[in-house]
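For the single chain, residues carry numbers from 1 onward in sequence order.
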Amino acid sequence: MENPIQWGDGTPCSGSKARRFVENDIYIKLLSDKLSKDLGYVYENMVAQMLVAAGHKLYYYTFPTEKGNHLYEVDFLISEGTKISPIEVKSSSYKAHKSLDKFSEKFSKRINHRYLIYTKDLRFDDKVTYLPVVFQPVCLGPVCRQSVIG
């Protein structure tokens, strides 16, 4: 396997310092965006710990699909004043968020912000704030949205 990790200047990581990092299989998969779906729970657990550390209580919500043979699930709900903000956690760069959308439709008058926490870049659209998992501790709520997009 070719080494997917590079230093900031683009040169491949090598030597004993790099070896300590690249020998960790999860770390390699994480950086090369090939973390297995089976390890998605690792991201959810990490986000849960960061939410609790930031003083949030953890809430989870499921509800049946229109056909009733599956469940939509929202990974976390946080309270922001009199509103709630649903959070979906993805262990890859996958940006689909049907559960987040359906939940937001169902409770549209109560939604403050919608967040998708994932492995790619910070991004905003008119409905969802896409947060890299590393931004999550400092970037939930209107403070990040206001400071980044005015």
Side-chain angles (χ1 to χ4, degrees), residues 1 3-8 13 15-65 70-150:
M1 177 171 140
N3 185 352
I5 303 171
Q6 299 177 346
W7 299 116
C13 296
S16 63
K17 182 178 177 185
R19 198 175 299 91
R20 285 193 307 261
F21 291 104
V22 298
E23 288 176 348
N24 183 325
D25 188 48
I26 293 174
Y27 188 72
I28 292 170
K29 289 179 180 181
L30 175 68
L31 289 180
S32 61
D33 199 25
K34 293 183 179 8
L35 189 62
S36 163
K37 281 188 175 190
D38 296 339
L39 294 178
Y41 67 89
V42 172
Y43 270 103
E44 288 180 12
N45 190 321
M46 186 169 55
V47 169
Q49 297 222 4
M50 287 189 270
L51 288 170
V52 169
H56 295 286
K57 291 184 179 180
L58 299 182
Y59 298 96
Y60 170 82
Y61 189 76
T62 61
F63 57 106
T65 61
H70 296 294
L71 291 176
Y72 291 120
E73 66 176 12
V74 176
D75 295 323
F76 300 102
L77 298 171
I78 59 172
S79 174
E80 294 182 326
T82 60
K83 303 275 186 165
I84 56 174
S85 293
I87 301 170
E88 184 71 25
V89 179
K90 300 290 185 184
S91 63
S92 68
S93 62
Y94 192 63
K95 294 181 226 158
H97 44 78
K98 191 168 186 174
S99 292
L100 192 63
D101 293 341
K102 292 294 185 180
F103 178 86
S104 297
E105 287 173 22
K106 185 174 181 175
F107 298 103
S108 61
K109 293 181 182 181
R110 302 288 303 192
I111 302 297
N112 191 24
H113 293 98
R114 296 191 289 174
Y115 298 103
L116 188 132
I117 298 175
Y118 71 142
T119 62
K120 292 296 179 184
D121 296 328
L122 176 65
R123 184 168 83 81
F124 301 98
D125 67 22
D126 59 334
K127 295 180 181 178
V128 179
T129 300
Y130 297 84
L131 289 175
V133 72
V134 297
F135 279 28
Q136 184 251 314
V138 295
C139 216
L140 283 177
V143 174
C144 181
R145 190 174 275 276
Q146 289 171 357
S147 64
V148 175
I149 63 173

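Looking at every heavy atom in both residues, Pro132 comes nearest to Leu122 through CG-N, 3.4 Å. When all heavy atoms of Glu44 and Phe76 are compared, the closest pair comes out as O-CZ, 3.4 Å. Of all heavy-atom pairs between Arg114 and Leu100, the closest is NH1-O, 4.1 Å.
Ile84 meets the side chain to side chain contact (heavy atoms under 4.5 Å, CB included) test with Phe103, Arg110, Ile111; sequence neighbours excluded. With sequence neighbours left out, the side-chain hydrogen bond (donor to acceptor under 3.5 Å, both in side chains) criterion links Asn45 to Gln49. Residues passing the side-chain hydrogen bond (donor to acceptor under 3.5 Å, both in side chains) test with Ser85, sequence neighbours excluded: Glu80. A search for side-chain hydrogen bond (donor to acceptor under 3.5 Å, both in side chains) contacts involving Lys102 returns Glu66, not counting sequence neighbours. Taking Tyr59 as the reference, nothing meets the side-chain hydrogen bond (donor to acceptor under 3.5 Å, both in side chains) condition, with sequence neighbours excluded. With sequence neighbours excluded, the residues forming a side chain to side chain contact (heavy atoms under 4.5 Å, CB included) with Glu73 are Tyr60, Thr62, Asp75, listed by chain and number.
With values rounded to the nearest 0.5 angstrom, Leu116 atom CG is found 8.5 Å from Leu131 atom CG. Leu58 contributes atom CG, which lies 6.0 Å from atom CG of Leu51 (distance to the nearest 0.5 angstrom). Note that the OH atom of Tyr61 and the NZ atom of Lys106 stand 3.5 Å from one another [nearest 0.5 Å].
Put simply, the side chain of Arg123 never gets that close to the backbone of Tyr130: no donor and acceptor are under 3.5 Å apart.
Residues Tyr43 and Lys90 are not in side-chain contact: their nearest non-hydrogen atoms beyond the backbone lie 4.5 Å or more apart. Taking 4.5 Å as the limit, some side-chain heavy atom of Ser99 sits within range of a side-chain heavy atom of Glu88.
A ring-centre distance under 6.0 Å is not found for Phe63 and Phe107.
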